[in-house]
Amino acid sequence: MVYICAAIIQREVNMSFEKLGLHNSILSTLSQLNFEKPYPIQTEAIPAAIAKKDILGIAKTGSGKTASFVLPILHNIIQDAPNKNRHINALIVVPTRELAIQVHEVLTSFSRQLPRRVKTMAVYGGVSINPQMMKMNGVEILVATPGRLLELIENKALYLTSVKTLVLDEADKMLNLGFKDEMDRILGLLPKKRQNLLFSATLSEGIQDISRVLLHDPITIKIEAKEDNIELIKQKAYGVTEERKGPLLRYLIKTNNYKQILIFASTVYKVDNVADKLRKNGINAQAIHAKKSQKARTAALSDFKNGHLKVLVATDLLARGIDIEFLPCVINYELPRSPKDYVHRIGRTGRAESPGDAISLITPEEQHHFRVIQKKMKKWVDMVESDEIDLHGM
Ligand code: AMP
């Protein structure tokens, strides 16, 4: 197994996308999209993936990992003629619907100047299956959540027997969400000889087990320093009573000049409640959680991503994988139970090399748990008592 710790590789400095061997049509799109230099994960993963090697990538969203598998897949696919109809060539499996949509957007943006048309599609549950079955004609690269993928296969809408490249994105999250049985069924339908690209935020025991079974002589790429991007995130906490949390939240939104804010709360009820109160106070806010329809989830996230929505209030559904460009601020209205989720949440800001603020509102009851989180994170956060702040009229 070859280990590469991209963070310490000096040749990054002079690296360019040209040197990675990508097709000219892709290079010209990259330059139009202002991708000037490859990120470390891309420098390591792209040439290996073009050479059809298996890869184990330990990296979080924000590291540029999506392009590190999307670009070589596109590069390789345009060298071949399309497979038989409904026999997809590359399969990208992701844990959430939002991530499926996001990865597909990246695929689409990099596909616009290819020398031949490559049809791509994202499929996920929570929406009607029929239109997806109909549109499957001619698809070569598919992004899918596990359950809907299996449903489509059962309906003979697609076949996995010609898949040349499999990507498992956010594989640790898939394990946590209990997708193991579905993943085993999917793996059983794939041809034995294929390329496997596995990406995970952490190298847990579960991931090591999967890699041993799935990957052949892989290149392992670990993006260490940027992993939490923690240095780019300015963390701050306010001590506050439960009754003053709502007014303090509105005070922070109104007095800081953040272009956009992502707020996390723990339960569906609380998320709805916080968003309702913000709207009643004249702040443009929407809620996103698992009990919302897929249509509402997609609309809220897309409004937030394109800047039409100022405040998005979410459960941990949005803590992982979702990339929001230049998000300046994340607020923890309530703390997550797991310290890992805290790091994932605040990691929605301070992404792609632009700084951000992460603010946590801490009641006396949450103080002990907040200390546990800081200890695990190995970073102490300044706590300001909010009693002195005048919240009158908030
Ligand atoms: P990802 O980790 O794939 O979600 O990517 C995080 C963000 O970085 C996305 O907004 C990408 O568009 C952006 N990005 C990825 N690679 C590059 C690059 N080489 N140059 C500039 N931006 C990039």
Side-chain angles (χ1 to χ4, degrees), residues 6-7 9 11-22 26-47 49 55 57-75 92-96 98-112 122 143 167-173 197-202 221-230 232-233 259-260 262 301-302 304-307 318-328 330 343-356:
I9 289 177
R11 61 198 162 92
E12 289 308 325
V13 184
N14 299 317
M15 199 25 91
S16 67
F17 280 111
E18 282 77 10
K19 288 187 190 156
L20 301 182
L22 288 163
I26 298 175
L27 291 176
S28 113
T29 304
L30 281 167
S31 111
Q32 280 176 7
L33 292 173
N34 292 326
F35 275 46
E36 286 165 11
K37 264 174 56 165
Y39 286 172
I41 191 157
Q42 295 158 0
T43 303
E44 303 311 322
I46 291 172
I55 293 177
I58 307 300
K60 287 189 176 146
T61 312
S63 57
K65 72 181 161 75
T66 318
S68 81
F69 58 80
V70 162
L71 295 174
I73 287 177
L74 289 172
H75 171 96
I92 302 167
V93 186
V94 297
T96 65
E98 279 71 21
L99 195 54
I101 294 169
Q102 181 175 296
V103 171
H104 187 249
E105 279 168 2
V106 176
L107 258 175
T108 311
S109 70
F110 288 137
S111 300
R112 52 192 187 198
V143 190
V167 180
L168 298 185
D169 192 14
E170 302 270 345
D172 51 340
K173 171 96 174 184
L197 310 176
L198 193 152
F199 290 87
S200 167
T202 50
I221 304 167
K222 199 165 180 198
I223 301 299
E224 308 250 42
K226 278 192 74 182
E227 171 168 274
D228 301 335
N229 262 352
I230 228 133
L232 281 175
I233 304 169
K259 199 168 66 57
Q260 284 190 302
L262 177 61
L301 188 57
S302 131
F304 194 61
K305 280 189 175 190
N306 62 31
L318 275 209
R320 294 283 296 268
I322 295 303
D323 174 48
I324 298 153
E325 214 175 353
F326 308 123
L327 177 64
V330 168
V343 174
H344 288 306
R345 282 182 181 187
I346 67 168
R348 295 313 96 207
T349 185
R351 320 270 320 273
E353 285 155 5
S354 56

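In this chain, numbering begins with 1 at the start of the sequence shown. Order of appearance sets the numbers: ligands from 1, and atoms from 1 within every ligand.
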Sequence neighbours left out, what passes ring-ring contact (aromatic ring centres under 6.0 Å, His included) with Phe199? Give chain and number order. Phe69

Rounded to the nearest 0.5 Å, the NE2 atom of His104 sits from the CG atom of Leu99 at a distance of 13.0 Å

Contacts of Phe17 meeting ring-ring contact (aromatic ring centres under 6.0 Å, His included) (sequence neighbours excluded), chain-then-number -> none

Given that the side chain starts at C-beta and the backbone is N, CA, C, O, which of these parts of Gln42 lies under 4.0 Å from ligand 1, counting heavy atoms, or is it both or neither? side chain

Donor-acceptor contact below 3.5 Å, side chain Gln260 vs main chain Phe304: yes

Below 4.0 angstrom from a heavy atom of Thr66, which ligand 1 atoms are there? Numbered from 1 as shown, please. 1 (P), 3 (O), 4 (O)

I'd like to check which ligand 1 atoms, numbered from 1 as shown, lie under 4.0 Å from a non-hydrogen atom of Ser63. 2 (O)

Residue Phe17 vicinity, atoms of ligand 1 by number, heavy atom under 4.0 Å: 19 (N)

For a side chain to side chain contact (heavy atoms under 4.5 Å, CB included) with Val167, tell me which candidate from Ile73, Val103, Val93 qualifies. Ile73

Under-4.0 Å salt bridge between Glu170 and Lys65: yes

Below 3.5 angstrom, do we get any N/O pair linking Gly64 and ligand 1? yes

Where does Phe69 meet ligand 1, judged by heavy-atom distances below 4.0 Å: at the side chain, the backbone, both, or neither? neither

Below 3.5 Å, N or O to N or O, backbone or side chain included: is there any such pair between Lys37 and ligand 1? yes

